[in-house]
Amino acid sequence: MSFKERLKKDNLPQHIAIIMDGNGRWAKGIGKLRIFGHQNGVSAVREAMEGCVDVGINYLTLYAFSSENWNRPKLEVRALMELLVNTLAKETKTFMDNGIKLQTIGNISDLPTNCQKTLADTIDLTKSNDQCVLTLALSYGSRTEIVDATKAIAQKVANGQLDIADIDEATISMHLYTHGTPDPDLMIRTSGEQRISNYLLYQMAYTELCFLDKMWPEFKREDLFEAIYNYQNRERRFGKTSEQL
Ligand code: IPE
Ligand code: IPE
Ligand code: MG
């Protein structure tokens, strides 16, 4: 029986976050340039999106470009930005056929203007889709996100709009870029690295982590289903004992 057939419909993660890692190493492994790996990562993005819609995952968040990735060679950064624009244009049909609504998190104003324009157009085009919310993390860094939230909250206190005593966990969540999106239930990272790399630090307090040895261009929807299957066989205790659940 396939992993998909073994999934329990009543215990699906509502939100899956992915760190799409290993494009460069995959390409190097077959004697190609790193950018070839990024280009081949696009089909894996499609696998993840269609897999989520197929089994009924409501939120998918993909780490596409971190704030630290700006420090890569200029040529690679430029190629990644170009790939983003071309992919968004080419995948319009995938978004519409699957009812995928696009949104972004991160410092979008850092991106080249043509990227910002294509993103804004695609967000607008897909705004009424209701099967799955796809969030692209672009020029995203979780620490900056927390700094921005802190500033916004401090400003409200300074303006007298908010009382310090009323600041709670919900206040913080509401001021993060991800406001309105539930915290991830499952986080998948490919490439064998076992780290978070400045991704959704606040939001992942109780997320189940899944690290795969495969490189991102090798990722298939069956890998997604297997990760969900493993997730369903874990016990999320949230600090309680097994007996209390
Ligand atoms: C992930 O693959 C894509 C981005 C970070 C943009 P990498 O480019 O990090 O590939 P590796 O990890 O160097 O193999
Ligand atoms: C994390 O991957 C960022 C993205 C996948 C977009 P990196 O390849 O940049 O992470 P590190 O540098 O190995 O931690
Ligand atoms: Mg990497």
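Start at 1 and go down the list; that is how both ligands and their atoms are numbered. FYI, side chains are in, hydrogens and waters are out, and symmetry mates aren't considered; it's all heavy atoms of this structure.
- Less than 4.0 angstrom separates some heavy atom of Arg195 from each of these atoms of ligand 2: 11 (P), 13 (O), 14 (O).
- A continuous path of Ile, Leu, Val, Met, Phe, Trp and Tyr side chains, each step under 4.5 Å between heavy atoms, connects Leu88 with Met81, placing both in one hydrophobic cluster.
- Remark: the Thr171 side chain and the Asp168 side chain contain an N/O donor-acceptor pair separated by less than 3.5 Å.
- Remark: side-chain polar atoms of Asn40 are paired, donor with acceptor, to backbone N or O of Phe36 under 3.5 angstrom.
- Tested against Phe65, the residues Tyr199, Trp70, Tyr140 include a single ring pair (Phe, Tyr, Trp, His ring centres under 6.0 Å) partner, Trp70.
- Residues Thr181 and Gln103 bring a donor and an acceptor atom of their side chains to less than 3.5 Å of each other.
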- Message: Pair Thr126, Ile100 - check side chain to side chain contact (heavy atoms under 4.5 Å, CB included), show working.
- Response: CA-CA 7 Å; Thr126 62; Ile100 295 168; over 6 Å; no

Please tabulate, one line per pair, the protein N or O atoms found under 3.5 Å from any N or O atom of ligand 1, giving the distance to one decimal.
unit_1, atom_1, unit_2, atom_2, d
ligand 1, 2 (O), Gly22, N, 3.3
ligand 1, 2 (O), Asn23, N, 3.2
ligand 1, 8 (O), Arg34, NH2, 2.8
ligand 1, 8 (O), Arg72, NH1, 2.7
ligand 1, 9 (O), Asp21, OD1, 2.9
ligand 1, 9 (O), Arg72, NH2, 2.9
ligand 1, 10 (O), Asn23, N, 3.2
ligand 1, 10 (O), Gly24, N, 2.9
ligand 1, 12 (O), Asp21, OD1, 2.8
ligand 1, 12 (O), Arg25, NE, 3.4
ligand 1, 12 (O), Arg25, NH2, 2.7
ligand 1, 13 (O), Arg34, NH1, 3.0
ligand 1, 13 (O), Arg34, NH2, 3.1
ligand 1, 14 (O), Gly24, N, 3.3
ligand 1, 14 (O), Arg25, N, 2.7
ligand 1, 14 (O), Arg25, NE, 2.8

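- Residue-and-atom listing of protein N/O/S atoms under 2.8 Å from the Mg ion (ligand 3), sorted by chain and number: Asp21 OD1.
- For the pair Trp26 (side chain) and Gly37 (backbone), a donor-acceptor distance under 3.5 Å is absent.
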- Message: Go through it in stages, so that I can follow the logic: the residues are Phe225 and Val55, the test is side chain to side chain contact (heavy atoms under 4.5 Å, CB included), and I'd like the CA-CA distance, side-chain angles, deciding distance and then a yes or no.
- Response: CA-CA 8 Å; Phe225 301 150; Val55 295; 3.5 Å; yes

- Evaluate side chain to side chain contact (heavy atoms under 4.5 Å, CB included) for Asn107 paired with Tyr177, printing each intermediate quantity in order. CA-CA 9 Å; Asn107 283 318; Tyr177 306 151; 3.7 Å; yes

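- A donor atom on one side chain and an acceptor atom on the other are found under 3.5 Å apart for Thr61 and His15.
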